Amino acid sequence: MKAQQDQLVIYNSLKGEKEPFVPMVEGKVGMYVCGPTLYSEPHMGNMRTFINFDLIYRYLLHLGFRVKYVRNVTDAGHITNSAGQEVDSIGVAAKAEQLQSLEIVYKYAVKFQELQRIYNMLPPSIEPTATQHIQEQIEIIEQIIANGYAYEVNGSVYFDTRRYMQDYNYGILSGRKVDELENETRTLNAQDEKRFFADFALWKKANPDDMQVWRSPWGNGNPGWHIECTAMSTKYLGKQFDIHGGGMDLKFPHHEDEIAQSCGSFGCNPARYWMHANMLNVNGQKMSKSFGNYFLPKQILDGTTGLFEKSYTANVVRFFMMQAHYRSNLDFTQEALNASEKGYARLIEGLKTLENLPATTSTFDVAALIASFYKAMNDDFNAPILVANLFEAVKQINLVNDGNAGISAADKSELKAAMEVFVHEVLGLAPENIATETRLAPVMDLVLDLRQQARTNKDWTTSDQIRDGLAKAGIIVKDGKEGTAWS
RNA sequence: GGUCUCAUGGCCGAGCGGUUAGGCACCGGUCUGCAAAACCGUCUACAGCAGUUCGAAUCUGCUUGAGACCUCCA
C-alpha cells in the first residue's frame, strides 16, 4: 500500500491544481471537514458533501494511512441571514419550535447520525461541537488581538483585515481581492462598529433576546461563525494539518477567514491541501434551503420527495453520486437516478456471478484491471473512472460466465477481493442485506415451486398470478435457463 | 456590478493534445409459454465562430448560454 500511497494526487484548491499528496507525517493524515449547522435536518445537498468526504476518508484508510478525521458540528454562532441581518439560526428554530437551543441541536444531531448510518458513512474520528470549545475560541481570539490583527469595539471583536493584509494575503484561497469586493452599503448592525467593510466578527456582543450567551473577556456574547473551526481544528489536529475540506460554497468567506484566523494567531495556513466538494443541483440549480428546491435524504428513500415517481435505496443514491466526480456539479434527475439503479444492480449481479465462475485460464489481464481501480482513485479520487473500470470487470465476468472468456482460480480470487474492497469499502456501497433474504428464502422456494408446477402443467393463469402477486410485494421473479430466481 | 466555474451523443456523466470512458434509454440478437430480468452487439458526441498544431472535446481569442460566490449555506 505504501507504493499506492505515493501515487495519490489531490487537487488543491489553494493552488488550483493537482499535486502529489505528501502528508506531514509519513503514513498519517489529519483531515478536517466543516460539518453541518444543526438548526434543521440536513438535506440531500448537504449529504453529498459528507458522502464525498466519506469516500475520500475511506480511500485514505484503504491506502493504509492512519487518518484522524475531524468533522465539526455547528451548534452555536452568530450568523447573518440573506437579508443581511444578524440571526442566530438555531435560536430562531428553537423559538419556532418552542424548544431550547440545545434541544434543537440534539434533535437534529440524532437525525444526522441516523442519516450517516443509512447512507453508510463511516463515523469521523472526532465530531466536536462549537459550544464545547468556547474557551478555545476565546483563547485564539485573544491571540489574534495580541498579534494586532483584531480589535475590540463595544463588547465585540473584529478581525482587522487591512492590518492583516500588510503581512498576509487575504484572498489567497478564494482569489478575491479586497479592493474588488463591493463595499455594500447595507445597513448592518455591525457596520458602524467595523473599521473596514471586509472585517469580520470574531466575537459578537450578546443581544438581549439571545438564547445562548457565553462569558468572555469582552463581556457576554457569542463566537463568530468562522472561529469555531479554527479552534477545533487546531485543538485536534494542530496548528497545521494535511487536508481541510468542505463544500464549495464555504470557500468564501468561511475558509478564507479560517486561513486569516490561523495566520493571524499562529502565523500559518492551517491546511496544506484544501479540498472543496461541488454542489448538488436540481434542474441545474444548486439545492439549497433558500431556493426551496431541496428534499430530505429520507424522502428519497420512501419516495416522498414530490420530484420523483418512485423511491430509491440508499445504495442507489450513493452509487449515483459516485458516478460523478466530487469536484463536479451533479444534477439530480429521475432519469439519471433510474440509470443508476439499473447500473448498480448490474454491478452487484456481476459481483455475485464472479463467485460462481468456473476456473480455467485467464483470457484478460486481471492485474491490469485491478491496477486501473487504483489509478482512478489515485487521480484525485476519480470515482466515476473507478466505476467505469468496475463495469469493465463486470463485462469480463459476464463473458466468462457465458463461456466466451476464461479466468484462472488465482485471478478469480484476486479480482473478487479487489472488487469487494472497492465496491463495499471504498465506494461505501453497503453489502445488500442478506439477512432478509435468508429468512425469506424457504418461503420463496415454496412459492416458486408451486409456480413451477403450474408452468409444467401449462397453467399460465396460475403461474402469472403468482408472478404478478409477488411483483406487487416488490419481489421480481426472473425465469432463467437454470431455473427461476427472485430479488 | 465584481470574481470565478462550466457548456460533451436521447439522459446522467469521465476526459487535462493523438486510444470507441462508463452507466441508462433506443435499436438488433440470445434466452423464454408469453413477459420481465439477464447476457451479447449496435449507437462515435463534444455550444458557435476564428486561431495555434502534423493532429484539439482537450490549448488561445471572441460570441452565446448556464451556474456558483460576493449574504446564512455542504
Side-chain angles (χ1 to χ4, degrees), chain A residues 16-18 33-37 39 42-53 74 77 79-89 171 174-177 179-182 184 186 188 198 225 245-254 276-281 284-291 294 319-320 323-325 327-347 349 353 376 379 382-392 394-395 398-399 401-402 404 455 458-460 463-464 467-468 471 476-481 484-487:
Chain A
E17 60 187 26
K18 290 180 190 172
V33 173
C34 292
T37 301
Y39 68 100
H43 63 239
M44 207 62 234
N46 299 314
M47 294 302 284
R48 158 125 117 131
T49 297
F50 303 132
I51 287 173
N52 273 141
F53 279 103
T74 297
I79 42 189
T80 310
N81 73 0
S82 55
Q85 298 155 334
E86 286 170 14
V87 171
D88 170 9
S89 306
S174 59
R176 261 167 236 278
K177 292 179 175 59
D179 48 352
E180 286 173 355
L181 284 170
E182 208 174 339
E184 297 279 316
R186 268 194 213 104
L188 300 179
W225 174 35
M248 208 80 111
D249 50 356
L250 295 183
K251 212 168 174 182
F252 187 89
H254 185 57
H276 291 94
N278 217 137
M279 304 290 102
L280 185 65
N281 286 180
Q285 196 180 39
K286 173 186 171 183
M287 177 184 283
S288 80
K289 283 207 101 172
S290 35
F291 290 143
Y294 68 97
F319 181 70
F320 169 72
Q323 284 185 286
H325 187 80
R327 279 191 288 117
S328 297
N329 279 120
L330 176 60
D331 237 89
F332 229 106
T333 64
Q334 173 150 325
E335 211 173 348
L337 240 16
N338 286 344
S340 289
E341 186 171 50
K342 301 204 73 168
Y344 171 72
R346 180 177 154 86
L347 179 62
E349 279 301 313
T353 306
D379 183 15
N382 200 327
I385 295 288
L386 168 62
V387 170
N389 294 341
L390 286 168
F391 276 117
E392 176 57 32
V394 169
K395 186 179 175 181
N398 289 332
L399 283 173
N401 195 228
D402 290 350
N404 296 320
R455 294 180 76 204
K458 297 197 190 297
D459 179 3
W460 310 128
S463 162
D464 291 352
R467 183 213 288 159
D468 297 344
I476 308 296
V477 173
K478 304 173 200 168
D479 296 326
K481 236 184 277 183
T484 301
W486 59 277
S487 62

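Model, not experiment: these values are computed from the prediction. In what follows, chains carry the letters A, B, and so on, assigned in the order in which the sequence lines appear, proteins first and then strands, with residues in each chain numbered from 1.
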Separation of atom [atom1] in [X] from atom [atom2] in [N], rounded to whole Å:
X      : N     : atom1 : atom2 : result
A:H325 : B:A21 : NE2   : C1'   : 15 Å
A:R176 : B:U3  : CZ    : C1'   : 6 Å
A:L386 : B:G15 : CG    : P     : 13 Å
A:Q323 : B:C12 : CD    : C1'   : 8 Å

Donor-acceptor pair under 3.5 Å: do we get one between [X]'s side chain and the base of [N]?
X      : N     : value
A:R327 : B:C6  : no
A:D459 : B:G33 : no
A:N278 : B:A74 : no
A:R467 : B:A35 : yes
A:S463 : B:G33 : yes

Next on the checklist: Can you confirm whether or not the ring centre of A:F320 sits under 6.0 Å from the ring centre of A:Y344?
Outcome noted: no

Minimum heavy-atom distance between [X] and [Y], given as atom pair plus value:
X      : Y      : answer
A:N278 : A:S328 : CB-O, 3.2 Å
A:V477 : A:R467 : CB-CG, 4.3 Å
A:M279 : A:M248 : CE-N, 3.4 Å

For [X], report the nucleic acid contact type (base, sugar-phosphate, nothing); a contact means any heavy atom under 4.0 Å.
X      : value
A:E349 : nothing
A:V477 : base
A:F332 : nothing
A:K251 : nothing
A:M47  : nothing
A:A336 : sugar-phosphate
A:A324 : sugar-phosphate
A:G284 : sugar-phosphate
A:N404 : nothing
A:N338 : nothing
A:L330 : sugar-phosphate

Checklist entry - Mind checking whether A:N46 and A:R48 have side chains closer than 4.5 Å, heavy atoms only? => result no

Next on the checklist: Pick the closest RNA chain B nucleotide for A:A345 and for A:E392 by heavy atoms, then say which residue is nearer the 5' end.
Outcome noted: A:E392

Item to check | Most 5' of A:N281 and A:L250 on RNA chain B, judged by nearest nucleotide | outcome: A:N281

Looking only at side-chain N and O atoms, does [X] come under 4.0 Å of OP1 or OP2 in [N]?
X      : N     : value
A:R455 : B:U32 : no
A:N401 : B:A38 : no
A:K342 : B:A25 : yes

Quick check for you: among [options], whose closest atom lies nearest to any side-chain atom of [X]?
X      : options             : result
A:A339 : B:G33, B:C24, B:A14 : B:C24
A:A388 : B:C12, B:A74, B:A21 : B:A21
A:F252 : B:A36, B:G41, B:C69 : B:C69

Checklist entry - Should stems be defined as at least three consecutive Watson-Crick or G-U pairs with both distances under 3.5 angstrom, which of them involve RNA chain B? => result B:1-7 with B:64-70, B:10-12 with B:22-24, B:27-30 with B:38-41, B:47-51 with B:59-63

Next on the checklist: Is a donor from one side chain sitting under 3.5 angstrom from an acceptor on the other, for A:D479 and A:T484?
Outcome noted: yes

Checklist entry - Has A:F50 got its ring stacked on B:A74, by the test of a centre gap below 5.5 Å and a plane angle below 30°? => result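 No; by the centre-distance and plane-angle rule, A:F50 does not count as stacking on B:A74.
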
